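Start at 1 and go down the list; that is how both ligands and their atoms are numbered. As the structure is a computational prediction, the values presented were derived from the model and not from experiment.
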Amino acid sequence: MSVTTTVLVLPCPLQGHVNPMMILSQRLVEKGCNIIFVNTEFIHNKVLSPMGNQEAGVTGGSSIKLVSIPDGLGPDADRNNLGELFGSMLNNMPAMLEKLIEYLRLKGGVTVSCIVADFVMAWALEIANKIGIKGVLFNPASTAMLALQCSIPKLIDDGIIDTHGLPITQKRFQLSPTIPPMNTELIWWANISDSITQKKIFKVIVHCMQTLELTEWWLCNSTPEIEPGASSFIPKLLPIGPLLRDVAEEKSLGQFWEEDHSCISWLDQQPHGSVIYVAFGSITLFDEKQFKELALGLDLTNRPFLWVVRKDSDSSNNVSLPSEFRGNRGNIIGWAPQEKVLSHPAIACFISHCGWNSTIEGLSNGVPFLCWPYFADQFFNRTYICDELKVGLGFDSDENGLISREEIKVKVEKLLGDENIRLMAHEVKKKLRKEIDDGGRSSENINKFIKWLKE
Ligand code: UDX
């Protein structure tokens, strides 16, 4: 490949979207592409700060250049309001993206030959089409969720959802005979409790789904090994998962928070298979009561635990530990080098919100799950982990809607005593690793993609 092949990568401004697209970018750089990684200005600043404000990563002769464009919202806008954010990006970013590509060409002498757009940013495929360059979709969530999105017109025709995407009645339905049945409760966009946000997000999804017709290349961070039915449901799909970081890397590019690496030496001191890893991704918020039950539940397990409690700059995540909390067997940190943690031999299980990246990372390291979904696709991911792959258990809420400290203790004991789950988790890990080994399906799919980029 000529070193001048330049790919513009455009993630949605969320950690669970930036991470897999950064890993994909690193794979492309290893094969000689240059990457222009475009974040929104807000996220660009977050990503630069843990990197000591260094704007690029270089591998061999190729590089990842981090650049930004505004998301169209004012400086004090609430970017946790995803309906506002997605709507603003759709209305404001296409013109700015086009200008950026033009600017790069005129001022930087850089010709972008392809845009890889996150599903939420699929409007960028219209720009690629307009200016006559290649366009590619990247789906950061499960293939089953993409299959669900592809089925929106049929779900409306069949009377399962209305034109705002909301279930008409509580119902079980099946997208195809090979995809596990779903319940209307698992439709991810309908899980968003604020109805205005829900409607806005659904509108963006519908727009993006229509745009996908502009490309033949639909990349996803999954594999038919774990999602056979959903993968065969989507003819254009090119599975390239699991996208995993190189754990030997000193620092991970693209993190919104500074990783606390001291937890690795702490893990080194714990017995093999002893530590409960507890992390809920980048968006989950706890209320005070539930946070308290979690803290006291971890105490009750009487096992070592590594718990990620984010400190968000906007103080939306302001919860404090209860006074009775002992925590003497635990280690609480602000942000973990998660893949390094999950691959550490001291880890026994993962209490997770089941974001798709956490799911893929846990599965790829053979770690059994205790599932605690928070919103959107995470409820579906839980059923996948527990009922299809059989590598985890879910928590049940009590009559007050809380997951109690006793429930946490009971489920930890049950999971760690279940030999079948441990063996299944190991099997799934082996299958996933084979996909990304040389000659494996995902690895060959990336080669196929690069060949097409070169043409
Ligand atoms: C969001 C959605 O919630 C998720 O359901 C969707 O599938 C993708 O986008 P998020 O909630 O942040 O993402 O969860 P997840 O998909 O698990 O992504 C979190 C990422 O942050 C993972 O790559 C994980 O490795 C990383 N992480 C998390 C850390 O590096 N350190 C941590 O301490 C916690």
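Glu427 meets the salt bridge (Lys or Arg N to Asp or Glu O under 4.0 Å) test with Lys430; sequence neighbours excluded. Every salt bridge (Lys or Arg N to Asp or Glu O under 4.0 Å) that Glu216 has, sequence neighbours left out, goes to Lys236.
Atoms of ligand 1 lying under 4.0 Å from any heavy atom of Val308, numbered from 1 in the order shown and given with element: 33 (O). Listed by number with element, the atoms of ligand 1 under 4.0 angstrom from any heavy atom of Trp356 are 4 (C), 5 (O), 7 (O), 16 (O). Close approach of ligand 1 to Gly355 is summarised as follows: ligand atoms under 4.0 Å from at least one heavy atom of the residue are 4 (C), 5 (O), 14 (O), 15 (P), 16 (O), 17 (O). Close contacts of ligand 1 with Ser282, meaning ligand atoms under 4.0 Å from a residue heavy atom, involve 10 (P), 11 (O), 12 (O). Within ligand 1, counting atoms from 1 as listed, the ones closer than 4.0 Å to a heavy atom of Gln255 are 29 (C), 30 (O). Annotation for ligand 1: atoms under 4.0 Å from non-hydrogen atoms of Gln15 are 21 (O). Using a 4.0 Å cut-off to heavy atoms of Ala336, the atoms of ligand 1 that qualify are 29 (C), 30 (O), 31 (N), 32 (C), 33 (O).
For atom 27 (N) of ligand 1, the nearest non-hydrogen atom of the protein is Trp335 CZ2, 3.3 Å. Atom 13 (O) of ligand 1 has as its closest protein heavy atom Gly16 CA, 3.6 Å. Residue, atom and distance of the protein heavy atom nearest to atom 16 (O) of ligand 1 are Asn357 ND2, 2.9 Å. The protein heavy atom nearest to atom 1 (C) of ligand 1 is Ile283 CD1, 4.0 Å. Nearest protein neighbour of atom 2 (C) of ligand 1, counting heavy atoms only, is Gln378 NE2, 3.8 Å. The nearest protein atom to atom 6 (C) of ligand 1, hydrogens excluded, is given as Asp377 OD2, 3.5 Å; this is a heavy-atom distance.
Between Asn19 and ligand 1, at least one N/O pair is under 3.5 Å apart.
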field: Stepwise salt bridge (charged side-chain N to carboxylate O under 4.0 Å, His left out) test for Glu259 and Lys251
entry: CA-CA 8 Å; Glu259 294 174 335; Lys251 258 192 180 179; over 6 Å; no

field: Residues Lys409, Asn302; criterion side chain to side chain donor-acceptor pair (under 3.5 Å); working and verdict
entry: CA-CA 9 Å; Lys409 177 183 162 60; Asn302 200 27; over 6 Å; no

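In this structure, of Ser358, Ala376, Gly362, the residue bringing a heavy atom nearest to atom 17 (O) of ligand 1 is Ser358. Atom 11 (O) of ligand 1 has its nearest heavy-atom neighbour, among Arg245, Arg310, His353, Glu259, in His353.
A ring-centre distance under 6.0 Å is not found for Tyr374 and Phe379.
Between Phe325 and Trp307, the ring planes lie perpendicular to each other; the angle is over 60°, past the 30° to 60° tilted range. Classified by interplanar angle (parallel below 30°, tilted 30° to 60°, perpendicular above 60°), the ring pair Phe286/Phe280 is perpendicular.
A salt bridge links Asp312 to Arg310: at least one charged side-chain nitrogen sits closer than 4.0 Å to a carboxylate oxygen. Classification of Lys411 and Glu407 as a salt-bridged pair holds, one side-chain N sitting under 4.0 Å from a carboxylate O.
With Phe42 as the aromatic partner, Arg79 meets the cation-pi criteria of under 6.0 angstrom to the ring centre and within 45 degrees of the ring axis.
Using a 4.5 Å heavy-atom cutoff, the side chains of Arg303 and Leu416 are in contact.
Under a 4.0 angstrom heavy-atom cut-off, Leu14 registers as lying outside contact with ligand 1.
With a 4.0 Å heavy-atom cut-off, ligand 1 is reached by the side chain of Glu361 but not by its N, CA, C or O.
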